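Counting starts at 1 for both ligands and their atoms, following the listed order. Not measured: the values here are computed from a predicted model.
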Amino acid sequence: YSTKNEEKAALKEAPSFAFAFDIDGVLLHVAKPIPGATEALQYLNEHNIPFILLTNGGGKHETERVKDLSSKLGLNLTTDNFVQSHTPFRQLVDGPDGLKDKTILVTGADANKCRTIAETYGFRNVVTPADILVSHPSVFPFDPLLDYVHAATARPLPAPIYTPSSAAPLADCLKIDAMFVFNDPRDWALDIQLVTDLLLSRAGYLGTYSPRNGDAALPSCGWQQDGQPPLYFSNADLLWSTGYHLPRYGQGAFQAAVAGVWRRLTEGHELQRRVIGKPYSETYRFAERVLTEHRHELLRRQGHVGDGGGGRHVPSTLKSVYMVGDNPESDIAGANGYASEVGTAWSSVLVRTGVWSPERGGDEVLKGRFKPTAVVEDVREAVRWALEREG
Ligand code: G3P
Ligand code: MG
């Protein structure tokens with residue numbers, strides 16, 4: 001790496017650049033570190049160059065995932081500089097439209113683990129597909145794939161499910177106020193059944209049906225306009241890079257399946273959904289705030305930031321961030337399309353160790369918003385390239 005940065009680090013001059021690293025396909029293939037990943041992060045740590053980890057992955061609470069990453073990469077990572085797909089869902093708990101006390105349906109790989117994450121974020125009434133299935137097995141006509149998981153994790157529902165014959169008045173029945181996909185569901189059939197049941201329901205009451213041109217008792221409405229619960233996805237990745245030599249389906253494939261069933265069911269209506277994660281600017285804005293805060297903390301610890309004790313240098317603003325990723329659709333397009341709220345220039349560096357490769361899509365796909373600032377072999381080369389550029 002360039003020695004000039006070593007001199008700057010020695011002078012304790014705050015670097016005015018930082019990195020954002022994607023994880024799958026850049027640092028890890030699932031559990032296996034990609035060669036050079038640890039060395040690259042170690043170098044940045046030793047030279048006080050800030051970075052964050054910005055992944056569309058999820059399914060574990062940030063504290064657990066960071067512990068896991070630290071042991072896999074052999075580094076001491078913290079949640080200060082870590083953003084995963086569902087981290088921004090935390091912002092939906094409080095505030096005037098907060099969902100803290102509302103009833104939400106949460107699904108994902110281990111839906112019970114996702115429920116724990118949601119509860120740790122502050123959501124207080126979390127229902128999983130297993131809760132519904134165990135309480136009402138007839139809601140899903142097939143042998144459940146994960147019945148042992150359902151039996152071990154299901155909780156009683158907070159209210160009965162509406163059935164025309166049930167005595168309970170509608171107002172006392174289970175009403176889902178929002179639906180969240182925290183990460184890649186395993187039982188797509190059950191999840192699609194329940195999500196579309198709720199999208200067809202009257203105002204989120206599970207077991208009711210609100211036809212498009214409502215009968216006299218129902219307000220006639222277009223689809224998803226009768227108070228049905230909003231549907232949040234945490235990640236749009238159709239593909240991601242694992243230990244297999246070809247990319248695998250990500251949460252974006254599940255989203256496409258839900259949208260496909262919904263289109264059939266409603267004769268062409270496009271599924272209305274809210275999607276976060278890369279490439280969406282909302283996620284990059286969230287990540288930039290985390291990175292800025294983390295950098296200030298680093299600088300304060302190095303005595304740069306005036307903390308009343310007369311820090312030696314007022315840190316230069318963060319002039320540039322290098323987003324190192326493997327997926328043109330999420331990492332590259334996201335960095336290219338993000339207009340920083342603090343004037344930071346985001347550059348995109350594409351590595352050959354993940355979803356994209358010269359053989360799979362090649363330069364053909366690297367056009368327009370998918371065109372990276374640079375294409376390099378791997379994360380080590382990405383850091384080297386950026387340091388050269390910073391001089
Ligand atoms: O589920 C993880 C996958 O969607 C991609 O993760 O780290 O490459 O953004 P990452
Ligand atoms: Mg990736």
Side-chain angles (χ1 to χ4, degrees), residues 19-34 36-37 40-41 51-62 64-66 68-69 72-73 77 81-89 107-111 113-114 117 180-186 188 232-257 275-280 282-284 286-287 290 322-336 338 348-357 360-361 365 370 372 375-379 382:
F19 288 86
F21 292 106
D22 171 49
I23 295 180
D24 293 299
V26 173
L27 300 175
L28 291 175
H29 281 138
V30 186
K32 194 161 169 274
I34 291 173
L41 298 185
F51 64 86
I52 57 166
L53 302 184
L54 175 57
T55 176
N56 273 351
K60 290 178 181 165
H61 188 270
E62 283 73 15
E64 189 186 342
R65 184 77 207 277
V66 155
D68 180 53
L69 288 169
K72 286 188 177 110
L73 290 165
L77 297 163
N81 54 337
F82 177 66
V83 175
Q84 60 180 347
S85 62
H86 44 72
T87 308
F89 283 160
T107 189
D110 171 343
K113 192 167 263 187
C114 293
I117 297 168
F180 289 87
V181 182
F182 264 59
N183 80 323
D184 315 79
R186 294 299 188 270
W188 287 22
Y232 291 89
F233 291 94
S234 69
N235 160 4
D237 286 353
L238 178 66
L239 301 170
W240 66 297
S241 171
T242 67
Y244 190 62
H245 63 286
L246 296 173
R248 302 295 75 191
Y249 288 138
Q251 192 186 134
F254 172 70
Q255 184 188 148
V275 192
I276 63 170
K278 300 173 288 182
Y280 300 103
E282 177 188 358
T283 290
Y284 279 82
F286 183 90
V290 170
Y322 293 95
M323 174 75 223
V324 183
D326 69 301
N327 187 335
E329 278 189 11
S330 60
D331 306 310
I332 306 307
N336 290 347
Y338 174 54
S348 54
V349 188
L350 179 64
V351 295
R352 293 188 177 88
T353 50
V355 166
W356 178 84
S357 82
R360 276 193 314 277
V365 304
F370 302 135
V375 181
V376 296
E377 196 49 41
D378 56 26
V379 62

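- When atom types are taken as modelled, the side chain of Asp331 and the backbone of Asn327 share a donor-acceptor pair closer than 3.5 angstrom.
- Taking the salt bridge (charged side-chain N to carboxylate O under 4.0 Å, His left out) definition, one finds that Arg352 meets it with Glu377, sequence neighbours left out.
- Asp326 CG to Ser357 OG: the interatomic distance, rounded to the nearest 0.5 Å, is 11.0 Å.
- Listed by chain and number, the protein N, O or S atoms at a distance under 2.8 Å from the Mg ion (ligand 2) are Asp22 OD2, Asp24 O, Asp326 OD1.
- Atom CG of Asn183 and atom CG of Asp110 lie 9.0 Å apart (nearest 0.5 Å).
- Ring geometry, Phe19 versus Tyr322: the interplanar angle falls from 30° to 60°, so the pair is classed tilted.
- The backbone N or O of Pro279 lies less than 3.5 Å from no partner atom in the side chain of Glu329, so there is not a single donor-acceptor pair.
- In this structure, the side-chain contact (heavy atoms from CB on, under 4.5 Å) partners of Ile34, at least two apart in sequence or on a different chain, are His29, Thr353.
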For ligand 1, what N or O to protein N or O distances fall under 3.5 Å?
residue	atom	partner	partner atom	Å
ligand 1	4 (O)	Asn235	ND2	2.9
ligand 1	4 (O)	Asp237	OD2	2.9
ligand 1	6 (O)	Asp24	OD2	3.1
ligand 1	7 (O)	Asp22	OD1	2.9
ligand 1	7 (O)	Ile23	N	3.4
ligand 1	7 (O)	Asp24	N	2.9
ligand 1	7 (O)	Asp24	OD2	3.2
ligand 1	7 (O)	Thr55	OG1	2.6
ligand 1	8 (O)	Asp22	OD1	2.8
ligand 1	8 (O)	Asp22	OD2	3.2
ligand 1	8 (O)	Asp24	O	3.0
ligand 1	9 (O)	Asp22	OD1	2.7
ligand 1	9 (O)	Asn56	N	2.7
ligand 1	9 (O)	Lys278	NZ	2.8

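- Between Phe182 and Phe89, the ring center distance clears the sub-6.0 Å criterion.
- Not a single donor-acceptor pair under 3.5 Å links the side chain of Asn56 to the backbone N or O of Asn235.
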